[in-house]
Student: 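The structure that follows is given in the form of structure tokens.
Letters A, B, ... are given to chains in the order of the sequence lines, protein chains preceding strands, and every chain is numbered from 1. All values below come from the heavy atoms of this structure, side chains included, with hydrogens, waters and symmetry mates left out.
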2 protein chains.
Amino acid sequence: MSEDFLIEMGYAGLTGRLKRLSDAFMYQTRDFYREHDSEIEPNWHMIFLLLQKNETMTVTEIADALQLSHPAIVKLINKMKKRGYINSNLDPKDNRRYNLVLSQKAKKELPVLEAYWEAGNKALEEMLEHNTLLLEQLEQLEARMAEADFKTRMDKLLINE
Amino acid sequence: MSEDFLIEMGYAGLTGRLKRLSDAFMYQTRDFYREHDSEIEPNWHMIFLLLQKNETMTVTEIADALQLSHPAIVKLINKMKKRGYINSNLDPKDNRRYNLVLSQKAKKELPVLEAYWEAGNKALEEMLEHNTLLLEQLEQLEARMAEADFKTRMDKLLINE
DNA sequence: TCTAAATATGTAACTGGTTACACAAATGTA
DNA sequence: TACATTTGTGTAACCAGTTACATATTTAGA
């Protein structure tokens with residue numbers, strides 16, 4: 001008897017396995033930060049990197065860059081603001097927008113965080129056995145999803161059944 | 001400028017991409033069922049398949065087979081019971097256990113559901129271009145995760161930094 | 001110039017996972 | 001046989017995403 005029914009399910013188990021894996025990464029990353037007495041949370045990483053690269057961005061720009069919904073970003077940013085990692089300034093030219101920047105506190109902590117992230121990258125490389133096959137396969141799947149999403153394809157294939 | 005910062009991030013973007021993809025599959029599957037006026041929810045699929053294969057199972061057995069926590073299964077099963085898709089009988093030999101089986105209603109709907117699942121499988125095969133490379137790569141990653149989890153590896157690699 | 005449409009942000013309700021805890025029943029052992 | 005341990009189920013509080021809706025500001029066009 002197989003140990004893992006989702007794997008046994010083949011194609012049909014894919015979705016569940018993606019969820020299970022991403023959850024596992026998330027919870028373990030959270031534990032890692034906690035055990036290192038860091039206030040940082042798992043997916044602040046991508047916000048930090050974006051704001052390092054671009055200096056200042058708005059909620060909508062971040063949502064676009066990460067391809068997440070804007071309420072997801074609002075929640076993330078609010079927590080980072082509350083903890084003092086992000087400053088938000090009303091745009092003087094457009095009073096709808098808030099320009100978000102990393103705070104001094106965030107910048108001061110960056111060296112420590114970068115050591116963590118470097119360890120994370122190395123751990124991932126190790127787990128992927130230093131090749132990018134999985135990343136490439138994922139990128140193809142993302143591209144297929146962008147061309148025609150899963151639901152559209154299901155509908156089409158159901159009609160022709 | 002890249003369209004998708006998570007892809008640009010390389011290894012570090014992997015977790016977010018897994019989450020994004022699995023969420024997309026989940027929401028689209030949910031929409032598919034809704035538009036076909038089905039009461040079924042996305043991950044009931046795996047429960048149906050398990051109970052077809054094994055006739056009767058307990059919460060704990062299902063949790064083991066799917067490698068999810070037992071409270072996750074309790075929630076799923078409760079909803080399926082409420083909608084009348086699962087019957088639960090106290091085990092006469094062990095009064096802690098409830099033997100779960102598909103209800104008559106569930107069995108009656110199976111042909112329709114199987115048509116949906118077949119469409120889903122075909123759609124996934126199409127998106128994976130009829131090869132199992134992604135599934136194999138995922139299985140390797142799952143195996144690495146089982147050998148030594150992400151957090152353990154991060155800790156080890158941080159110390160040697 | 002006035003107003004309709006588009007854009008930026010924020011809020012509410014929902015979903016499907018998690019860990020931590022509680023408790024009853026069964027099992028194993030002194 | 002009694003009691004400690006293990007096992008099965010259930011509940012509570014939390015988390016990170018979603019869609020749908022609300023509101024304010026800016027932009028565009030008659």
Student: Does anything in residues 123-142 of chain B pair up under ring pair (Phe, Tyr, Trp, His ring centres under 6.0 Å), and if so which pairs, sequence neighbours excluded?
Tutor: none
Student: Return the residues of residues 26-33 of chain B meeting this criterion: a heavy atom under 4.0 Å from some atom of DNA chain D. Order them by number, or give none.
Tutor: B/Tyr27
Student: Scan nucleotides 2-10 of chain C nucleotide by nucleotide, 5' to 3', and note B when protein non-hydrogen atoms come under 4.0 Å of the base, S if they reach only the sugar-phosphate, - if neither.
Tutor: -----BSBB
Student: Rounding to a whole Å, what distance do you find between A/Lys75:NZ and C/dT15:C1'?
Tutor: 11 Å
Student: Among residues at least two apart in sequence or on other chains, which ones pass side-chain hydrogen bond (donor to acceptor under 3.5 Å, both in side chains) with A/Asn99?
Tutor: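 Partners of A/Asn99 by the side-chain hydrogen bond (donor to acceptor under 3.5 Å, both in side chains) criterion come out as none, since no residue qualifies.
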Student: If I take atom CZ in residue A/Arg20 and atom C1' in nucleotide C/dG17, what distance separates them, rounded to the nearest angstrom?
Tutor: 13 Å
Student: Going by ring-ring contact (aromatic ring centres under 6.0 Å, His included), name the residues that satisfy it together with B/Trp117, two or more places apart in sequence or in a different chain.
Tutor: B/His45, B/Phe48
Student: What residues form a side chain to side chain contact (heavy atoms under 4.5 Å, CB included) with A/Tyr116, not counting sequence neighbours?
Tutor: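 Residues passing side chain to side chain contact (heavy atoms under 4.5 Å, CB included) with A/Tyr116: A/Phe32, A/Tyr33, A/His36, A/Ser38, A/Val112, A/Leu113, B/Leu158.
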Student: If I compare all heavy atoms of A/Ala123 with all of B/Arg153, which pair ends up nearest, and what's the gap?
Tutor: CB-CB, 3.7 Å
Student: By the ring pair (Phe, Tyr, Trp, His ring centres under 6.0 Å) test, which pairs, at least two apart or in different chains, include something from residues 72-97 of chain A?
Tutor: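 Applying ring pair (Phe, Tyr, Trp, His ring centres under 6.0 Å) to every pair that reaches into residues 72-97 of chain A, excluding sequence neighbours, yields A/Trp44-A/Tyr85.
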Student: Using the test side chain to side chain contact (heavy atoms under 4.5 Å, CB included), find all partners of A/Thr132 that sit at least two apart in sequence or belong to another chain.
Tutor: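 Side chain to side chain contact (heavy atoms under 4.5 Å, CB included) check on A/Thr132 returns A/Leu135, A/Glu136, B/Tyr11.
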Student: Which nucleotide span of DNA chain D, 5' end to 3' end, has atoms closer than 4.0 Å to non-hydrogen atoms of chain B?
Tutor: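 Under 4.0 Å from chain B, the extent on DNA chain D is D/dT7 to D/dT18.
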Student: How far does the helix from C/dT1-D/dA30 to C/dA30-D/dT1 bend, going by the axes of its first and last five pairs, to the nearest 10°?
Tutor: 0°
Student: Taking atom P of C/dG16 as reference, at what distance in whole Å does atom CD1 of B/Ile40 sit?
Tutor: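 Rounded to the whole Å, the gap is 13 Å.
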Student: List in chain and number order the residues that pass salt bridge (Lys or Arg N to Asp or Glu O under 4.0 Å) with A/Asp23, two or more places apart in sequence or in another chain; answer none if no residue qualifies.
Tutor: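 Partners of A/Asp23 under the salt bridge (Lys or Arg N to Asp or Glu O under 4.0 Å) test: A/Lys19.
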Student: How would you list all residue pairs meeting salt bridge (charged side-chain N to carboxylate O under 4.0 Å, His left out) that involve residues 73-89 of chain B, not counting sequence neighbours?
Tutor: B/Glu41-B/Lys79
